[in-house]
Structures are given as structure tokens and as C-alpha cells.
Protein chains: 2
Amino acid sequence: MSPTREGSAVQSVDRAVSILEMLAARGDLGITEIAEELEVHKSTASRLVAALQSRHLLEQQGERGKYALSYGIVRLAAATTARLDVARLGQPICGRLAESLGETVNVAVSDGEVAITVAQEDGAAAITSQNWVGRRTPLHATSAGKVLLAWMDEDSRRPLLRRALHRYTDDTIVEHAALRAELARVLDEGHARSFEELEVGMHAVAVPVFSGDGTVGSALSATGPSYRLPRRRARAIVADLREGAAELSVELGYRAG
Amino acid sequence: MSPTREGSAVQSVDRAVSILEMLAARGDLGITEIAEELEVHKSTASRLVAALQSRHLLEQQGERGKYALSYGIVRLAAATTARLDVARLGQPICGRLAESLGETVNVAVSDGEVAITVAQEDGAAAITSQNWVGRRTPLHATSAGKVLLAWMDEDSRRPLLRRALHRYTDDTIVEHAALRAELARVLDEGHARSFEELEVGMHAVAVPVFSGDGTVGSALSATGPSYRLPRRRARAIVADLREGAAELSVELGYRAG
DNA sequence: TGAGCAAGTTGCGCAATAAGCAACGTGGCT
DNA sequence: AGCCACGTTGCTTATTGCGCAACTTGCTCA
């Protein structure tokens, strides 16, 4: 039997989601390729694909072509209006700041476990970041993640701060006490930094974005190589990020007291 | 046993997708509500939700709260890069045209069966359209749908033109021959119209948007009430829509011969 | 033109999984 | 403190999901 994932109770649902993720990663795949990768019989793959296709999450390209994700996914995604609003409204603000700062600027939200980038624009420099949109990044090792953690309600944060903290570089914070102190500092200063904590040579700084209900639902951050975004400059651009975040907060319905 | 949908071979996958769609429609739901709507036992609903949650398609709000779609969906959606590019690049063009025309402007793509709106901006008028983003609309009765059908390759279009065409109003085209003639006219004139064919009192006009490979992957349309967008004015704004579509086409990589 | 091959589909039977039941834990409310 | 509703989980079993084999279809090549 094919390996099932930890904590999942429904094998066929798990397999179906794996198919969606494979297609997200690869663009399009045939039944045989899906079957091989899932380690199931072709007929099993065929039926799972048919089930997803009947609900418009997948489509076949032509009558005999490979399968790809369809707009059922986008329709589901579009439904999470608030979150997509963050993405949609954040995009032009990222664009403007990326142009003025010359670095990569993104907006990230938390899914309760990690940070996920929902909007990104790159600066004009040749050396720039990869595309993080849709990517999951650790909360404790990124500047946006620290913002999201710092403003997270205690009930949601508590289990996250109990988990083992993965070390990515020599500078990654992996002690719980150190992370708590860092989050207190973030709250105190109103912004977070990550200096080579996720990746050697990569600096980032982030500020909170407030939602209509007054909570911090997302973070706005700038990222660059350490030689172009030294610590001093990282601190200096906080004001620009704060301006952008304030604008985005207002667009999201935030009314400052 | 709960009713299974026509054409679906895997009941638990079907149920899981139904949960996603319920949450897309309602925002958040508890296990008991999901169980009632799916007509299954609470433990069944609980396990299906747990399976989706373990793959980050759902998240629970707090430790005892309701469930909502999570960014796993957005991450899957983000992966269909080209399609989301249509949405992202189309949004500001919709915004500009909506402002200048004073009507609702959208961009729609086809999922092979229907038209799906991926970007929309509303004009300033108090009477405006509902939000169509993510919504599925019929190809034969909408202006955007007619554009997508007219430029569709014959293999993909043939089965669609064999199906029974649903009548929405007295003006809906439901004869296959009439629809073929209409599509020929759309190709000839380079734009499509829908005058009260989807909804009484609603007029729309659409033009093709070309992709990098030269095909028509999306359509740009304007929609308004018939008293504000009479037939004469609908024809008049085609030039504006063409300009916007040309710009979007170039941004999508289209190079006119 | 026909054979061979690969991809995908489908009927069938069966074993494994999905599901229901009952009991339990937990938090909110009175 | 007790009640209620929600959600979870162990257990059992009935149903579904799955693998197998056979089939269809389209493409390639001799």
C-alpha cells in the first residue's frame, strides 16, 4: 500500500491532494506519471483524477492530453476574499516599494503554522530573490514570520513556541527563550529583522499590517543580500515599509484608534 | 448513504471537495454543520476535515473554532502561474476601464466548459454588477463566453456545441445553428455582445485577449444595465475595450505579427 | 497498411478502508 | 455544579476504493 502521511485519516483524500500538489509543482502530468509518483495503480490514479476533474479542480488539455489544475482551484482561492484582498491590495504597494527601495518586497500571512507569501515584487537589481509567492517559510527565522508571531494571539502562538525550532544557519534562533525575547523586542520596536537567519547572506526587515478588526493579519517585508541591505540600511527603510503598511492597513479597513 | 454526484468515482474525494466548496461559499463552518450539509456522520466529517487540514487546505480558527479555507488553496492556485497572471495583470486594466466607462469590466477565461471571471472592477455607479470573480458563467449566453468559444480550437469546441444550450431569458441563443452563426459573426467583427441573453436588463460586450502563444486565452468585457449601456453605446465602447485588451495581450507576451 | 506499443479506461471481485456508532473530553452557559 | 453541544476517538463492520485484467484508442514505424 502506498505510504500515507502522518496524521491523515482518509487515504483517498490524501492521494487526491497529492495529485493537486504534483500538478501545482509540475504544470501538467499524465495518468501514468501520477500513478508512478503516488505509487498506486493506473486505474486508481485515473479514478482519482476523474473525481477531481468532475469537480473542476483539474482539466484535461484536449481530449487526450495531460492533466492540469483548473479554475476550480482559483475559484476556491478567490473565495477566501479577505486573504486574496491582502494579495490583491498588497501587490501594487509591493511594486512601489520595490521600485523605490531597489529590493524585493513581499506581503505574507500566516496559516497558523508557517508564513506564506501572497504578494511579491522584485527590485530592479540583477541579484534578486526567487519567487516566494505561495511558498511556506518558517515563522521563527523570517522577519515577516516574527511579525506574525509577535502579534499572534497567545492561544494560537503557544503550540508554535513549544515546537522544536529548525536551524537554517548559524544565526537562526532555535532557543525558545531567545525567540520569546526576540518577539518582545519586535513588539517593542514595531518591526522585525532577520539577518542571515533563514539563509546566509540574506537580510530582511518586516512591519505589521493591520486588518479591519485591528489584528495583524499580514506582514510587509523587504529582503535583499546583506551587502546591499546592511543592518544600518535595513533599519533605515523601516519608515518606508511602515508607510506602505499603513496604506495597506487602511485599504484593508483598518481604522487607527 | 449521502447522495453522490454524477460522474464521480471516489466518494470520499467528492465529499472532501464539497467541504472545500462549502467553506468557499460560507467562510467558516463547524464539524456539525459540515456533517449536516454533507448528510454524513460527525465523525466522518471530522476525519475528512482532518485530512484536508493535514494538507493545509483548511485551518481551524483557534483551538476550538470553526474551520476555514487555508493558504494551501492559494498556494495551489498560485501555481497556475499563467492563469493568475491573467488575473493579476488584468486587474489594473479592468480598474482603468471601469473608471473611464463607468461600467463593470472583467476578464474571464474558459475552463473548457464555462467562462470564469478572474478579474473585475466596478464602475462608480450605484447600480452595478455583483462580484463575478471565481463564478462560472455559460459560454453561449455571455459576451466573454462567446469570445472564448469563437476563438476556441475546434476540437475543444465541438463537444460544447453539441450540448443542450440552457435558456436564461427569451433572448438566449439555444439553437446550435444560431450559435454557430453568432460565433462566425463574432470572429468577423472581432467582438461579442450579449444583450439580455443571460439576464433581463443586462447588456455586455467583450473582446479577445491574446496570449503569448497567439491563442485567445481570455476575454475582456464590459457589463451594465441596458438603460445605461444601450446597444449603440455598447458598440461604441468596443474601441476602448480593444485598447485595454491589446495592452493586456502585450503584457501576457503576445506579439502581433 | 498493419503490427506493436503506451496511455488511459472500465468491469469485476475482494480486501482494506471509510464510515457509523457509542462513548468520551472539553468548553461555554446557566 | 450540571447540562448541553461540539468535536474526537476506539472499535466494528459494511461499503467503498482499489488492483487486476482486459479493453479501447491513438501514435509510431516498418
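Below, chains carry the letters A, B, ... as their sequence lines are ordered, and counting in each starts from 1. It should be emphasised that the depicted structure is a prediction, and the values quoted were computed from it without experimental measurement.
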J.: Mind calculating the distance between CG (L29(B)) and P (dA5(D)) to the nearest angstrom?
T.: 19 Å
J.: Within a strict 4.5 Å, meaning less than it, do heavy atoms of the L161(A) and R180(A) side chains meet?
T.: yes
J.: Whole Å only: how far is the CD atom of Q53(B) from the C1' atom of dT8(D)?
T.: 12 Å
J.: State whether S46(B) places a side-chain N or O below 4.0 Å from either non-bridging phosphate oxygen (OP1 or OP2) of dG7(D).
T.: no
J.: Within this structure, what is the CG-to-P distance between D28(A) and dA7(C), rounded to whole angstrom?
T.: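 The answer, rounded to whole Å, is 14 Å.
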J.: Look at the side-chain N and O atoms of Q60(B) and state whether any lies under 4.0 Å from the OP1 or OP2 oxygen of dG7(D).
T.: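 Looking at the OP1 and OP2 atoms of dG7(D), neither is under 4.0 Å from any side-chain N or O of Q60(B).
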J.: In whole angstroms, how far is the P atom of dC18(D) from the CG atom of D14(A)?
T.: 11 Å
J.: For A178(A), which residues count as a side chain to side chain contact (heavy atoms under 4.5 Å, CB included) partner, sequence neighbours excluded?
T.: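 Checked A178(A) against side chain to side chain contact (heavy atoms under 4.5 Å, CB included); matches are I173(A), E175(A).
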J.: Please give, in whole Å, the distance from dA18(C) C1' to E39(B) CD?
T.: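 To the nearest whole Å, that distance equals 18 Å.
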J.: R15(B) side chain N/O closer than 4.0 Å to the phosphate oxygens (OP1, OP2) of dA18(C)?
T.: no
J.: Under the 3.5 Å rule, do the base of dG20(C) and the side chain of S43(B) count as making a donor-acceptor pair?
T.: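 Side chain to base: pair present.
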J.: For S43(A), what residues pass the side-chain hydrogen bond (donor to acceptor under 3.5 Å, both in side chains) criterion, not counting sequence neighbours?
T.: H41(A)
J.: Can a donor-acceptor pair under 3.5 Å be found between the side-chain atoms of S12(A) and the base atoms of dC18(D)?
T.: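 For S12(A), whose side chain was compared with the base of dC18(D), there is no donor-acceptor pair (under 3.5 Å).
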J.: Please enumerate all residues that pass side chain to side chain contact (heavy atoms under 4.5 Å, CB included) together with E33(B), with sequence neighbours excluded.
T.: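 E33(B): side chain to side chain contact (heavy atoms under 4.5 Å, CB included) contacts with L29(B), K66(B).
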J.: Only distances under 3.5 Å count here; give the side-chain donor-acceptor pairs of residues 138-145 of chain B to other protein atoms, sequence neighbours excluded, each with its distance to 0.1 Å.
T.:
residue	atom	partner	partner atom	Å
H140(B)	NE2	H166(B)	O	2.8
T142(B)	OG1	P138(B)	O	2.8
T142(B)	OG1	G145(B)	N	3.0

J.: How long is the line joining CG of L48(B) and C1' of dT9(D), in whole Å?
T.: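 Between C1' of dT9(D) and CG of L48(B): 15 Å.
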J.: At under 4.0 Å between heavy atoms, which parts of nucleotides 23-30 of chain C does protein reach? Answer with one letter per nucleotide, 5' to 3': B base, S sugar-phosphate only, - none.
T.: ---BS---
J.: Is R47(A) side chain donor-acceptor paired with the dG8(C) base, going by distance under 3.5 Å alone?
T.: no
J.: Could you list the residues that satisfy side chain to side chain contact (heavy atoms under 4.5 Å, CB included) with V174(A), not counting sequence neighbours?
T.: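 In terms of side chain to side chain contact (heavy atoms under 4.5 Å, CB included), with neighbours along the sequence ignored, V174(A) is linked to L165(A), R167(A), T172(A).
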J.: Without hydrogens or angle criteria, can the side chains of S18(B) and R55(A) be said to hold a donor-acceptor pair below 3.5 Å?
T.: yes
J.: Nearest-Å distance, OH (Y67(B)) to P (dG7(D))?
T.: 7 Å
J.: May I have the distance from K66(B) (atom NZ) to dC6(D) (atom P), rounded to whole angstrom?
T.: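 In whole Å, dC6(D) P lies 9 Å from K66(B) NZ.
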